[in-house]
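Input: a single structure, listed below in structure tokens.
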Amino acid sequence: GSLARQMAMERAELIRKHGSIQDYSKALDSLFENYGEDSSWIGRQKFNGDERKDSIEELVSLSRREAKNLHNMAQKKKGNDLYVAVLPLYKVYLDHVPKPNPDTAENVHEMSFYYAELLYKLGQYSEASKAYLNVGAGKFNTTAAYNRILALREASKIEGISRGCLSKIVKNNKMFKNNFYQKIIK
């Protein structure tokens with residue numbers, strides 16, 4: 001029961017300390033698969049009070065914290081290798097949160113925005129434009145909308161998306177009724 005989960009958590013911690021970031025992201029993914037909200041393990045447990053919620057929150061918090069910490073380290077060291085390495089950590093979080101494993105709307109919003117920013121930073125403009133769509137309402141929604149246009153513009157240079165298509169996207173989005181956004185695509 002809980003001993004197996006604890007051992008899996010300790011194994012993940014050992015991988016974090018002594019393994020690669022890629023292996024660590026796989027270990028976190030495995031924790032969600034085996035001990036998250038959709039796991040058979042969680043259904044077999046006899047939790048008291050908030051223990052089930054606390055168990056899920058621990059996984060979600062760990063995943064969120066690790067992605068943000070490595071992202072912060074990449075920003076300080078300005079190392080592209082670290083930016084590339086943090087992508088799977090965000091992916092693990094976003095693959096498992098908010099469904100089936102809940103987190104606050106603010107945290108999901110923030111993590112979605114940071115993931116989109118990371119994709120943009122790495123020149124994955126088409127993927128970034130899609131990720132900006134998932135940011136949703138919150139403190140970064142206006143920035144995400146603006147950055148989506150920039151990502152689409154950069155993707156158009158690489159992938160040949162026409163300016164007409166980009167202009168149509170901007171005109172059809174309520175966020176972009178302001179002429180300021182119209183000027184960006186030119």
Does the Ser63 side chain pair with the main chain of Val60, one donor and one acceptor, at a distance under 3.5 Å? no
Short side-chain to backbone donor-acceptor contact, Arg5 and Ser55, under 3.5 Å: yes
Heavy-atom closest pair, residues Arg64 and Met111: CG-SD, 3.5 Å
Show your reasoning for whether side-chain contact (heavy atoms from CB on, under 4.5 Å) applies to Ile21 and Leu70. CA-CA 9 Å; Ile21 296 168; Leu70 189 58; 3.6 Å; yes
Do the two ring centres, one from Phe140 and one from Tyr114, sit under 6.0 Å apart? yes
Between CG on residue Leu28 and CD on residue Glu66, distance to nearest 0.5 Å: 6.5 Å
Is there a path from Phe32 to Leu14 through hydrophobic residues (I, L, V, M, F, W, Y) whose side chains come within less than 4.5 Å of each other? no
With a 6.0 Å cut-off (strictly less than), is the heavy-atom count around CD of Glu10, excluding the residue itself, greater than 12? yes
Kindly give the heavy-atom pair with the smallest separation between Pro102 and Pro100, and that separation in Å. CD-O, 3.4 Å
Going by the rule side chain to side chain contact (heavy atoms under 4.5 Å, CB included), which residues pair with Asn80 if we only count those two or more places apart in sequence or in a different chain? Tyr83, Leu122
Counting C-beta onward and ignoring hydrogens, is there a side-chain heavy-atom pair between Phe47 and Ile42 closer than 4.5 Å? yes
What verdict does the side chain to side chain donor-acceptor pair (under 3.5 Å) test give for Asp38 and His96, after you've listed the backbone C-alpha separation in whole Å, the side-chain angles of each residue and the deciding distance to 0.1 Å? CA-CA 9 Å; Asp38 269 358; His96 296 283; over 6 Å; no
Just wondering, are more than 12 heavy atoms of other shown residues or ligands nearer than 6.0 Å to CZ in Arg65? yes
What pairs with Asp50 under side chain to side chain contact (heavy atoms under 4.5 Å, CB included), at least two apart in sequence or on another chain? Asp54
Any luck finding a side-chain donor-acceptor pair between Tyr93 and Asp103 under 3.5 Å? yes
Hey, mind stepping through Tyr120 and Glu154 against side-chain contact (heavy atoms from CB on, under 4.5 Å) and telling me if it holds? CA-CA 9 Å; Tyr120 187 93; Glu154 292 302 315; 3.7 Å; yes
Using the side chain to side chain donor-acceptor pair (under 3.5 Å) rule, take Tyr132 and Glu117 through it: C-alpha gap first, then chi angles, then the decisive distance, then the call. CA-CA 8 Å; Tyr132 283 123; Glu117 290 284 280; 2.4 Å; yes
Using 0.5 Å steps for rounding, measure from the CZ atom of Arg16 to the CG atom of Leu62. 8.5 Å
So, for Ala27 and Arg11, which heavy atoms are closest and what is the spacing to 0.1 Å? CB-NH1, 4.3 Å
Enumerate the salt bridge (Lys or Arg N to Asp or Glu O under 4.0 Å) contacts for residues 71-86, please, sequence neighbours excluded, ordered by first and then second residue. none
Atom pair CG/CG of Leu89 and Leu94 - distance to nearest 0.5 Å: 11.0 Å
State the NZ-CG distance between Lys91 and Leu87, to the nearest 0.5 angstrom. 10.0 Å
Atom pair CG/CE of Leu82 and Met73 - distance to nearest 0.5 Å: 6.5 Å
Is Lys68 paired with Glu110 through a side-chain N to carboxylate O contact shorter than 4.0 Å? yes
Considering all heavy atoms, the nearest Asn101-Glu37 contact: OD1-N, 2.7 Å
For the side chain of Asn141 and the backbone of Gly136, is there at least one donor-acceptor N/O pair under 3.5 Å apart? no
List the steps, then state whether side-chain contact (heavy atoms from CB on, under 4.5 Å) holds for Lys157 with Tyr125. CA-CA 10 Å; Lys157 293 176 187 174; Tyr125 303 116; over 6 Å; no
Closest non-hydrogen atom pair between Gln45 and Ser2, with its separation: OE1-N, 4.1 Å
Of all heavy-atom pairs linking Leu31 and Ala12, the shortest is CD1-CB, 3.8 Å
Salt bridge check, Arg52 against Glu57: does any charged N sit closer than 4.0 Å to a carboxylate O? no
Can you tell me how far apart OG (Ser129) and CG (Leu150) are? Round to the nearest 0.5 Å. 11.0 Å
Within the structure provided, determine whether Met9 and Glu58 are in side-chain contact (heavy-atom separation under 4.5 Å). yes
Quick check: do His71 and Leu118 have side-chain heavy atoms less than 4.5 Å from each other? yes
Say whether Ser30 and Asn34, considering side chains only, have a donor N or O and an acceptor N or O under 3.5 Å apart. yes
